[in-house]
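As structure tokens, the structure follows; a few thoughts come after it.
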Protein chains: 2
Amino acid sequence: MAKSVLGRGTARARVLEAALTLFGEHGVSGTTLQMIADSIGVGKASVYYQFHSKDEIVAAAAQPMFDDMARVVTIAEAVPDPHTRQEICISGFIEFSVRNRRLAAVLAGDPVLESMVESREDLTDIVERFKNLLLGGGHGPAGRVIISMITNGVYSAVTDKELEDVSDEQLHTTLLEAAQQLLRTPSYFE
Amino acid sequence: MAKSVLGRGTARARVLEAALTLFGEHGVSGTTLQMIADSIGVGKASVYYQFHSKDEIVAAAAQPMFDDMARVVTIAEAVPDPHTRQEICISGFIEFSVRNRRLAAVLAGDPVLESMVESREDLTDIVERFKNLLLGGGHGPAGRVIISMITNGVYSAVTDKELEDVSDEQLHTTLLEAAQQLLRTPSYFE
DNA sequence: GTCTATAAATTGATAGAC
DNA sequence: GTCTATCAATTTATAGAC
């Protein structure tokens with residue numbers, strides 16, 4: 001009765017845990033409530049006892065990543081220099097992507113997640129501010145391509161199944177180094 | 001009667017055209033036969049007259065990209081030096097990704113496409129050979145991370161909606177330059 | 001918190017007329 | 001090549017018992 005709503009082992013947490021894994025394997029649209037229920041060994045109705053709809057599960061599963069993103073945005077926006085802001089964003093982005101590799105797999109490009117962001121003001125706001133910070137200042141086409149390559153490259157690398165054996169530390173180090181190397185090349189941003 | 005089966009404007013081509021757009025917007029699982037039929041203004045049965053199943057549409061829509069990949073693999077495997085092979089692969093990959101930006105959006109990480117590759121020997125074969133060529137020789141963790149970042153970064157950049165206004169030429173140039181810059185850094189591959 | 005049963009809508013797919 | 005009609009299966013979601 002006094003159990004934490006978010007604590008590990010609660011029915012709610014088990015649903016989110018299972019959903020996250022299945023979303024990563026089959027995408028959100030390709031995952032049914034039945035699959036989630038089956039994977040934790042309960043009936044569909046039990047899943048609906050915890051969440052009133054599939055969308056609610058998606059939202060709850062993705063929330064931690066948006067929280068991380070909001071934290072980074074808050075920190076970065078407190079800094080005046082655009083270039084420093086950009087650096088904070090990139091390194092923060094790599095950090096929370098690596099910290100939550102499985103969740104990143106879902107967020108990285110699932111159309112359902114994109115729709116969710118579009119339909120919710122708070123998420124659109126945070127994502128927009130994050131993107132603006134990433135761009136640093138007004139860059140030309142080359143700079144925008146590089147930023148896209150870095151962010152999407154990071155997103156995809158942390159979720160790459162063939163890199164599951166690579167440690168979080170190794171991933172973090174290599175990705176940050178590569179990102180900084182690209183950002184340090186002035187020809188992209190002149 | 002003598003019309004080309006693959007020519008532009010045939011019913012078959014219109015289905016593939018519509019499917020590709022919808023797959024890009026909603027993912028494969030998120031796209032229904034009804035949506036495809038509606039978007040070209042016909043009934044579902046008419047779509048089924050051209051393709052016997054949804055999987056067949058997916059396969060036909062994705063085929064051109066695998067053909068391109070097979071071409072690059074054939075060319076690269078004819079070269080003895082692993083590093084040259086790698087260069088050919090990267091530049092070939094960037095070229096056909098840019099050439100078919102909309103299709104790349106579908107192939108880039110849709111779980112249905114991944115399942116299709118796994119279930120078809122010919123596709124698994126070509127993708128495996130491509131990946132091996134990309135790796136060049138046996139690289140360590142850092143090198144594998146960089147390769148993943150490049151390939152996924154390219155894939156995602158060509159499909160980035162915010163880069164739709166960037167020309168194919170600009171995209172190609174910038175992506176190739178960035179990829180080569182990362183590949184030329186020995187510390188990743190020692 | 002979980003179950004069985006079921007509703008209501010949608011999905012992939014087929015039959016047969018035009 | 002396209003249509004209407006229809007099917008069986010599945011999907012999201014709810015009601016009510018334990």
Side-chain angles (χ1 to χ4, degrees), chain A residues 1-23 25-62 106 110-113 115-116 119-120, chain B residues 1-23 25-62 106 110-113 115-116 119-120:
Chain A
M1 257 118 188
K3 269 197 225 166
S4 161
V5 180
L6 286 169
R8 236 133 285 268
T10 64
R12 190 185 163 87
R14 281 200 304 276
V15 169
L16 289 179
E17 170 74 16
L20 211 46
T21 302
L22 290 165
F23 289 164
E25 282 173 41
H26 309 97
V28 176
S29 283
T31 302
T32 69
L33 272 288
Q34 190 62 251
M35 290 162 75
I36 296 173
D38 286 350
S39 93
I40 53 179
V42 300
K44 267 187 299 183
S46 297
V47 177
Y48 275 106
Y49 176 77
Q50 305 292 340
F51 300 91
H52 300 131
S53 70
K54 186 181 175 180
D55 281 351
E56 229 179 89
I57 300 177
V58 176
V106 180
D110 193 300
V112 175
L113 260 291
S115 300
M116 195 183 87
S119 70
R120 274 180 51 182
Chain B
M1 257 117 184
K3 269 198 225 163
S4 160
V5 180
L6 287 169
R8 235 134 287 266
T10 63
R12 189 185 162 89
R14 281 199 305 276
V15 169
L16 289 179
E17 169 73 15
L20 211 46
T21 301
L22 290 165
F23 288 165
E25 282 172 43
H26 308 97
V28 175
S29 283
T31 302
T32 68
L33 272 289
Q34 191 63 252
M35 290 162 75
I36 296 174
D38 287 349
S39 91
I40 53 178
V42 300
K44 264 191 301 183
S46 296
V47 176
Y48 275 106
Y49 176 76
Q50 305 292 340
F51 301 91
H52 300 131
S53 73
K54 187 181 177 181
D55 282 351
E56 230 180 87
I57 300 178
V58 176
V106 180
D110 194 299
V112 176
L113 259 291
S115 300
M116 194 183 86
S119 70
R120 275 180 50 182

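Chain A is the first sequence line, chain B the second, and so forth, proteins listed ahead of strands; every chain is numbered from 1.
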The answer to which of B:Arg14 and B:Lys44 contacts DNA chain D further toward the 5' end, by nearest nucleotide, is B:Arg14
B:Glu56 CD to C:dG12 C1', in whole Å, measures 13 Å
Separation of D:dT14 atom P from A:Tyr48 atom OH, nearest Å, is 7 Å
Of all heavy-atom pairs linking A:Glu56 and A:Phe51, the shortest is OE1-CA, 3.8 Å
A:His52 NE2 to D:dT11 C1', in whole Å, measures 19 Å
To the nearest angstrom, the NZ-C1' distance between A:Lys54 and D:dT11 comes to 9 Å
Of the listed C:dG1, D:dT2, C:dC3, the closest approach to the A:Ala11 side chain comes from C:dG1
dist B:Leu20:CG -> B:Ile57:CD1 (nearest 0.5 Å) comes out at 11.5 Å
Using a heavy-atom cut-off of 4.0 Å across all strands, would you classify B:Thr31 as base, sugar-phosphate, or nothing? sugar-phosphate
Separation between CG (B:Leu33) and OG (B:Ser46), nearest 0.5 Å, reads 11.5 Å
With a non-hydrogen cut-off below 4.0 angstrom, is B:Thr32 in contact with a base, only sugar-phosphate, or nothing? sugar-phosphate
When rounded to the nearest 0.5 Å, the distance separating CD1 of A:Ile40 from CD of A:Gln50 is 8.5 Å
note: B:Leu22, atom CG; C:dG12, atom P; distance rounded to Å ~ 12 Å
Closest non-hydrogen contact found for B:Ala61 with B:Leu16 is N-CD2, 3.8 Å
B:Gln34 atom CD is separated from C:dA9 atom C1', nearest whole Å, by 13 Å
With the criterion being N/O to N/O and under 3.5 Å, what pairs connect the protein with nucleotides 16-18 of chain D, and how long is each?
none

Note: A:Leu22 and A:Ser39 closest approach over all heavy atoms is CD1-OG, 4.0 Å
To the nearest angstrom, the CZ-P distance between A:Phe51 and D:dT12 comes to 15 Å
- prompt: Are OP1 or OP2 of D:dG1 and a side-chain N or O of B:Ser46 less than 4.0 angstrom apart?
  reply: no
A:Asp38 CG to D:dT11 C1', in whole Å, measures 13 Å
Heavy-atom closest pair (A:Thr31 atom, A:Lys54 atom, distance to 0.1 Å) is O-NZ, 2.7 Å
